[in-house]
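Following: one structure in C-alpha cells, then a few remarks.
Note on naming: letters A, B, ... go to the chains in the order of the sequence lines (proteins, then strands), and numbering restarts at 1 for each one.
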There are 2 protein chains.
Amino acid sequence: MAEKVTIATVARHARVSRQTVSNVLNAPHIVREETRLRVQEAIDALGYRANQAARQMRTGRSRLIAARIEPTRDGINGSVLDRFLHGLTEAAEAAGYRVMLYTATDTDREIATYDDLLGAYDLDAFVLTGTDHGDPRTAWLARRGVPFVTFGRPWDAPDAHPWVDVDGASGTAEATAHLLAAGHRRIGFIGWPAGSGVGDDRRAGWRRTLAAAGVDVAGLDREAVDGIAEGERHARGLLAEAAPTALLCASDSLALGALQAVRADAPYVAVIGFDDTPVAAAVGLTSVSQPLGEAAARCVDLLTAVLDGPHRTTDQVLLRPSLVRRHTA
Amino acid sequence: MAEKVTIATVARHARVSRQTVSNVLNAPHIVREETRLRVQEAIDALGYRANQAARQMRTGRSRLIAARIEPTRDGINGSVLDRFLHGLTEAAEAAGYRVMLYTATDTDREIATYDDLLGAYDLDAFVLTGTDHGDPRTAWLARRGVPFVTFGRPWDAPDAHPWVDVDGASGTAEATAHLLAAGHRRIGFIGWPAGSGVGDDRRAGWRRTLAAAGVDVAGLDREAVDGIAEGERHARGLLAEAAPTALLCASDSLALGALQAVRADAPYVAVIGFDDTPVAAAVGLTSVSQPLGEAAARCVDLLTAVLDGPHRTTDQVLLRPSLVRRHTA
DNA sequence: GGGCAGGATTGGATCGTTCAAGTTGCTGGA
DNA sequence: TCCAGCAACTTGAACGATCCAATCCTGCCC
C-alpha cells in the first residue's frame, strides 16, 4: 500500500518548502517558472492530491454545494429534477466543486438540515429548487449570509436573490406561434390552477400570443391538477365543448392524457406538451424542452461568481426553452 | 453574527476540558452521568456541531458516501434511480452519513474519479448501480480496499462483494401466477435480448412459472430493445402471430408500448409492466414494484456494518418485489 | 491515617494545509 | 558604501478535532 502523500512529501521530493508547493497550487504566479515546473513534476510523479479536510479547516471553505433531492412526485416530471441534478454535478465538478444531497420532509426540518450541514460540513452554497411565494428557506439563508441560488424565480420579488429560470411564457408562446403558423386558430390550453407562478407564466405565453394574433380564446382555457387522467378528462371536455384543432398543455403528463383523448375521439387534433420528458420522446409527443443542463451550469456560474470572486455579476438568468417537434404537432 | 462554537467553547461553558466534551460525544459510557448531562446541556445551549473537517483530519473518516448519478437514459426508467437516490440520502442521513454525487462518462474516467474523490475527500464508501459482468470498477475498489456496495448482483460471481438486489424472477413469477389465477393460459413475454443478467432473470421467472403450471411458451417469448416504440412493435407481432391473452413486459416502457398496441387491436388482452414507475401509476398499468427505499436502506446497512463495526454480517441481500394491481391486469 | 486501585480529567502532540511573518540574495539609487 | 525595495523562498503558528500519556480525585481497605 502506498504511503500517504502530503504536501510535505512533495516538498521533500522537489527540494522546496511546503509553502512553495502550496503556492504552486494556489498562487502559481508568485513562483519562479523553473521551480514551478519542478514542483509540478513531483506532484504528478507522486500522484499528490490536496486533502480537502485540511484545506477546509484552514480556509473555512469546503468546495461543497448542497442540493435537495425530492421524492419523485405524482407525475412524469421527476425526470426533470433528475436531469437538472446530473447537469449540476457535472458543472460543479468542472468548477472544482462537489454536490452533496439532502432531503427534508417539511420546511422546518429543511432549515434545521441547513444548520446541520453548515455546522458540520461548512457547505459553501445551496441550490434550491421549487421555491414558492415568500419562501422561509431563502429568507433564512439570506439572513445567515449563506450563498445560494434557486432554480426557479421568486415570483413576488424578482430581484430578491440570485436565480436561474426558464422562460415558460416564451416556451408556450413559441409553441402557440408554431400552431398558428400551421394554420390552427382554435388552440386550447390545459394548464394548472391559477396562483402558481410557473403555471400562470406558461398560460400567459399562450394567451399573449393568441391575443397578438387577434384570435379569441373564450372557452379554450382549462385549469387541471397535474396528471394523465386529468389531462384526458379536460381534453375530452374541450373537444366536446370548444371544438379546438390543437391542444397546448402545461406538462407532458397533461399532454399524455390529452393525447389519449385525442387518439380516441379526434385524431386530427394537434397536441403539445411541456418539459420534453423521456416519455414525450418515446411516444412522439411534440414538447417544449427546458435547457436543464445549461440551467444547472448557470446556477454553478452564479455561485462561483459569489464564492471565488468579489466582482458582482448579473444575478438573474432567464433561459429560453425550445420547441422539440415530433409527430403530434 | 454568532461566534464560532468549537469544542473549547463548550468545554469552557460546561467547566470541563475539551477531552471530556469529546468523550461525551464519542465515548459517553466513560463519563460520569452528572458531567455528561452538564456537557450535553452546554452543547444544546450553544448549538455546537462537531466540525467534520477537523474530525476527519484526525480520524481519517469523512462520513461521506459517494453515489453515481447517471444521465437519464432512453426510457421511463430514470425515475428508478431517482427514487433509489432519495432513499439512499435518507438512510445515510439516519446513519450519520451524507451522500456525495459524481458522474463519469466512461469506466476509465469513473475510476479516475474514484481516485480523485478518495484522495481529496477521503470518502468512506461507494454505492454503485448497474454493474455488469466482470466490472473493472468493483475490481479496482476491491484492490484498493475501499468499502463499497452495489445495487445489483454481480451475475458471474454471486459472493464477490456485498450487494443488494431485487429478485426480478420472483417479480415476474408473481405476475405470471397472478395471470394464471385470472384464467390466462397464453401469456406472452416481451423482454430484453438475452445476455443481460437483469433481463435474463426477469424472463426466467415467467418461464419457470409457466413450466411449473405445465403451460407451453413456444412462440410467446420476444427480445426487444427497451423503449415504447419497440414494445408496441413486438406486442403487435405477438398479437398477430401467437394470440396471447396477456403480455408480461420487462419494463414499463415496453409495457406502455404494448398497452398502445393492445388498446388499438385487442382491448381484452392484459398487460403487466415492471418497475412501477410514475407513468404506470398514471395510466393505470399493473406493474411489478421494486422496494427501492428498502434497497437503499439495506445498502447503507451493509456499508455501516463494514465501516462502524468489525462484526461481519451477511453480505448479500435479495429483496422481493411486489405486484401492484391496477386496471390493465 | 496512609496507601492504593481505578476511573475521571487534563495538557500536549498531531492530522495536512494555508496564513503571516521572516530570511536571503540581488538590484539600484543616493 | 549603504540601505530601501523587491523577488523568491522558508519558517512558525494556527484551524478544530482526537489520541496518548500523565495527573488528579475519590472511595476503600488495612
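For the OP1/OP2 pair of D/dG16 and a distance below 4.0 Å, the side-chain nitrogens and oxygens of A/Tyr121 include no atom meeting the criterion. Between B/Arg32 and C/dT9 there is a side-chain N or O to OP1 or OP2 distance below 4.0 Å. Under 4.0 angstrom from either OP1 or OP2 of C/dT18 there lies at least one side-chain N or O belonging to A/Ser22. Checking the phosphate oxygens (OP1, OP2) of C/dG16, no side-chain nitrogen or oxygen of A/Arg18 falls inside 4.0 Å. Residue B/Thr6 has no polar side-chain atom (N or O) positioned under 4.0 Å from OP1 or OP2 of D/dG16. Between D/dT18 and B/Asn26, a contact under 4.0 Å exists linking OP1 or OP2 to a side-chain N or O. For D/dA8, neither phosphate oxygen OP1 nor OP2 lies less than 4.0 angstrom from any side-chain nitrogen or oxygen of A/Thr35.
Between A/Tyr48 and B/Val31, the residue whose closest nucleotide on DNA chain C is further toward the 5' end is B/Val31. Mapping B/His29 and B/Ala54 onto DNA chain C by nearest heavy atom places B/His29 closer to the 5' end of the strand.
Although no hydrogens or angles enter the test, the distance criterion places no donor-acceptor pair under 3.5 Å between the side chain of A/Trp140 and the main chain of A/Ala112. A donor-acceptor pair under 3.5 Å is formed between the side chain of A/Arg38 and the backbone N or O of A/Ala14. Under a 3.5 Å cut-off, the side chain of B/Asn23 and the backbone N or O of B/Val31 do not form any donor-acceptor pair. Of the possible donor and acceptor atoms, none in the side chain of B/Arg36 sits under 3.5 Å from a partner among the backbone N and O of B/Pro28.
With sequence neighbours left out, the side-chain hydrogen bond (donor to acceptor under 3.5 Å, both in side chains) criterion links A/Thr129 to A/Glu70.
Atom P of nucleotide D/dG16 and atom CE of B/Met57 are separated by 10 Å, given to the nearest angstrom. Remark: P of C/dT17 and CG of B/Asp122 are 11 Å apart, rounded to the nearest angstrom. Atom CG of A/Asn51 is separated from atom P of D/dG16 by 16 Å (rounded to the nearest Å). Following rounding to the nearest Å, A/Lys4 (NZ) and C/dT14 (P) show an atom-to-atom distance of 15 Å. For the pair B/Gln56 CD and D/dA17 C1', the computed distance is 11 Å after rounding to whole Å. One interatomic measurement links the two molecules: CG of B/Leu25 to P of D/dT18, which rounds to 7 Å at whole-angstrom precision. Nucleotide D/dA17 holds its P atom 12 Å from the CZ atom of B/Arg12, rounded to whole Å. D/dA7 atom C1' lies 14 Å from atom CD of A/Glu34, rounded to whole Å.
Ion pairing between a basic and an acidic side chain is recognised when a charged N comes within 4.0 Å of a carboxylate O; A/Arg320 and A/Asp167 show no such pairing.
Of the candidates D/dC15, D/dC19, C/dT9, the closest approach to any side-chain atom of B/Arg58 belongs to D/dC19. Checking C/dC19, C/dT9, D/dA17 against every side-chain atom of A/Gln19, the shortest atom distance belongs to C/dC19.
Side-chain atoms of B/Gln56 and B/Tyr121 form no donor-acceptor pair, as typed in the model, at a separation below 3.5 Å.
Classification of the A/His161-A/Phe148 ring pair by plane angle, with boundaries at 30° and 60°, yields tilted.
Contact annotation for A/Thr20: base contact, defined as any heavy-atom pair under 4.0 Å involving a base atom. Among the atoms of the strands shown, none is found under 4.0 Å from any heavy atom of A/Ala53.
Defining each end axis of the helix from C/dG1-D/dC30 to C/dA30-D/dT1 as the rotation carrying four pairs' C1' atoms onto the next four, with five pairs an end, the two axes are found to diverge by 70° to 10 degrees.
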